[in-house]
Each structure stands twice: as structure tokens, then as C-alpha cells.
Number of protein chains: 2
Amino acid sequence: MDTQSLVFAKAIADETRQQIMSHLCCVWLSVTDVVDKLDGKVNQPTVSHHLKVLQDAGLVFVRQEGRIRWYTLNQERVTMCCGQLVSQFAPDYAASIIPVSAIEQR
Amino acid sequence: MDTQSLVFAKAIADETRQQIMSHLCCVWLSVTDVVDKLDGKVNQPTVSHHLKVLQDAGLVFVRQEGRIRWYTLNQERVTMCCGQLVSQFAPDYAASIIPVSAIEQR
DNA sequence: TTGACATATTGACGCTTATCGATATGATGA
DNA sequence: TCATCATATCGATAAGCGTCAATATGTCAA
């Protein structure tokens with residue numbers, strides 16, 4: 001069976017991780033930044049752990065700069081994984097959400 | 001925060017549940033049918049448990065007929081939840097996967 | 001009504017995982 | 001080199017969850 005949809009699902013199946021994803025959407029943040037954004041909900045080792053899970057799932061980009069490690073959300077990956085989920089579990093609807101680009105080529 | 005995406009993610013974040021979803025895609029099956037399809041992987045109470053999780057997440061339709069309870073996958077719900085995920089976590093891509101119907105109305 | 005079938009529920013068990021404190025690793029500036 | 005900052009890793013703990021055997025509930029046919 002396809003393990004990709006499972007890895008994706010497990011990665012996003014946690015509230016803290018979804019909050020981290022929200023904060024990493026469209027911006028680059030350091031680990032400390034993320035900890036601050038979560039405002040005391042969890043501490044630094046926990047954030048590092050979640051970032052590793054997200055990284056293993058290919059859901060974040062990482063960029064090292066000096067002693068700071070910058071993270072941002074991989075929106076394309078999210079889109080692809082969701083597209084795969086629809087293909088697998090909503091084939092009757094898959095055709096209706098194909099990319100605009102593919103339509104405008106008609 | 002939005003709890004909808006979390007319920008959906010948790011519901012699909014299990015291999016057995018994803019297999020059940022695959023088997024329930026486009027067809028109506030009884031609990032016994034699903035147990036048979038899984039071919040000994042898990043037994044009946046476990047299947048009932050998973051079906052309840054899927055039902056609580058709104059991911060299956062249920063239809064009672066005599067002593068048989070028929071289940072099928074709610075593909076529209078899958079599509080909506082995936083759309084919500086993209087809106088939340090891939091806003092830069094959300095515009096490029098809007099429904100064809102919305103495009104053809106231009 | 002009774003027995004058989006279909007499904008749900010319960011309680012227990014074990015595994016996974018989220019979390020933390022403590023510590024290690026790594027990089028920078030003085 | 002040394003102190004400091006940023007992040008990762010480790011070990012322990014607790015909570016969540018998937019699974020099963022046993023049993024309960026519900027439905028139908030005889």
C-alpha cells in the first residue's frame with residue numbers, strides 16, 4: 001500500500017505540529033522563534049522533536065545560517081500530499097480539482 | 001485553532017483505517033465484508049472500532065438494512081478536508097486547485 | 001420464543017508517542 | 001580558549017491508541 005499518505009497523515013495528526021505548521025507558513029523561523037510563537041505550550045526540545053517529524057515527512061525546508069537553523073513550511077509538498085489523498089480516497093472528485101494550469105491548456 | 005483539520009488528520013493517520021477507506025471507496029460494504037477484505041489483519045471488533053472513528057470524523061456514510069449495516073466512503077468530505085488543509089497550510093497553492101466548476105463559470 | 005447471525009461495546013494489554021529535564025553538540029564572539 | 005547562544009539528543013514518564021477476547025445488543029428466520 002502507499003506509505004506516503006500515511007507518513008503525511010501521521011505528521012499532521014498532532015495539534016502542536018499543526019500549530020507549528022501554521023507559524024511556519026510563508027515565513028522562515030528559527031527554532032527559538034517557533035518556541036516563542038507557541039507561547040509556553042511546549043519547550044524547546046519538544047519543538048525540535050516536532051520539527052524533525054515534519055522534516056522526515058518532507059513538510060519543511062531547512063536552511064542553516066550560522067548557529068541558527070531556519071525552517072519554513074513546504075507548501076508544495078502539502079499540496080501534493082493532499083492531491084494524493086484525494087486521488088486515493090475521493091477519485092470521483094479528483095477530476096474536479098485538477099490544477100487550473102492543466103485546464104487552461106485546453 | 002481549527003479542530004476540523006485535526007480530527008480529519010487523526011482519522012486517516014492509521015494504516016488499517018486507510019486500508020478500510022480504500023475498500024469503502026465507491027462501494028457499500030458491511031462490517032463483515034470489510035473484515036473479509038482485510039483478510040485476517042484485524043478482527044471484527046477492531047473493524048467496528050475503526051469504522052466508528054471514521055464515522056465520528058464524518059468520513060463514512062452508514063445505512064442500516066435489517067441486521068446489516070452498510071458503510072461507504074464519503075468522498076466529498078475527504079475532498080473538503082483536503083481543500084481545507086491546502087487553504088491552511090498551502091495558501092500559495094490554494095488558488096491553483098480551485099474547483100473546475102468555479103473556473104468554468106467565468 | 002429460540003437460535004443464529006451481524007455488529008457494537010467493554011476491559012485489558014502492549015506499543016507508540018508527546019512531553020519534559022538534563023545534557024550534548026555546534027557555532028559565534030570576546 | 002572560553003563563555004554564550006542555538007539546537008539536537010537522551011532517558012524517563014505519562015497519555016493516547018490499536019488490538020484482542022469476551023460479551024452485550026440487535027435483528028431475523030424458523
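Residue numbering restarts at 1 for every chain, and letters A, B, ... go by the order of the sequence lines. Because the structure is a prediction, the values reported are computed rather than measured. For the numbers below, each heavy atom of this structure counts, side chains included, while hydrogens, waters and symmetry mates do not.
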Can a salt bridge be assigned to the pair E65(B) and R63(B) using a cut-off of 4.0 Å between side-chain N and carboxylate O?
yes

If I take atom [atom1] in residue [X] and atom [atom2] in nucleotide [N], what distance separates them, rounded to the nearest angstrom?
X: R67(A); N: dA3(D); atom1: CZ; atom2: P; value: 15 Å
X: I68(B); N: dT27(D); atom1: CD1; atom2: P; value: 13 Å
X: Q64(B); N: dG26(D); atom1: CD; atom2: P; value: 11 Å
X: Q55(B); N: dT7(C); atom1: CD; atom2: C1'; value: 12 Å
X: K10(A); N: dG16(D); atom1: NZ; atom2: P; value: 17 Å

Of all the choices, dT7(C), dG21(C), dC20(D), which nucleotide is nearest to the side chain of S48(B) once you look at every atom?
dT7(C)

Residue H50(B), side-chain heavy atoms: nucleotide from dA21(D), dT19(D), dT19(C) that is nearest:
dT19(D)

Are OP1 or OP2 of dA6(C) and a side-chain N or O of R69(B) less than 4.0 angstrom apart?
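For dA6(C), OP1/OP2 do not have a side-chain N/O of R69(B) under 4.0 Å.
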
Pick base, sugar-phosphate or nothing for T32(B), based on heavy-atom distances below 4.0 Å to the nucleic acid.
sugar-phosphate

How would you label the contact of H49(A) with the nucleic acid (heavy atoms, under 4.0 Å): base, sugar-phosphate, or nothing?
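Since a base atom lies under 4.0 Å of H49(A), the category is base.
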
Under the 3.5 Å rule, do the base of dA8(C) and the side chain of Q44(B) count as making a donor-acceptor pair?
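Indeed, a donor on one side and an acceptor on the other fall under 3.5 Å apart.
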
Do S22(B) and Q18(B) pair up side chain to side chain, a donor and an acceptor below 3.5 Å, judged on atom types alone?
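No donor-acceptor contact under 3.5 Å links the two side chains.
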
Neighbour count >12 (heavy atoms, 6.0 Å) for atom NZ, K52(B):
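No, because the 6.0 Å sphere around NZ of K52(B) holds 12 heavy atoms or fewer from other groups.
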
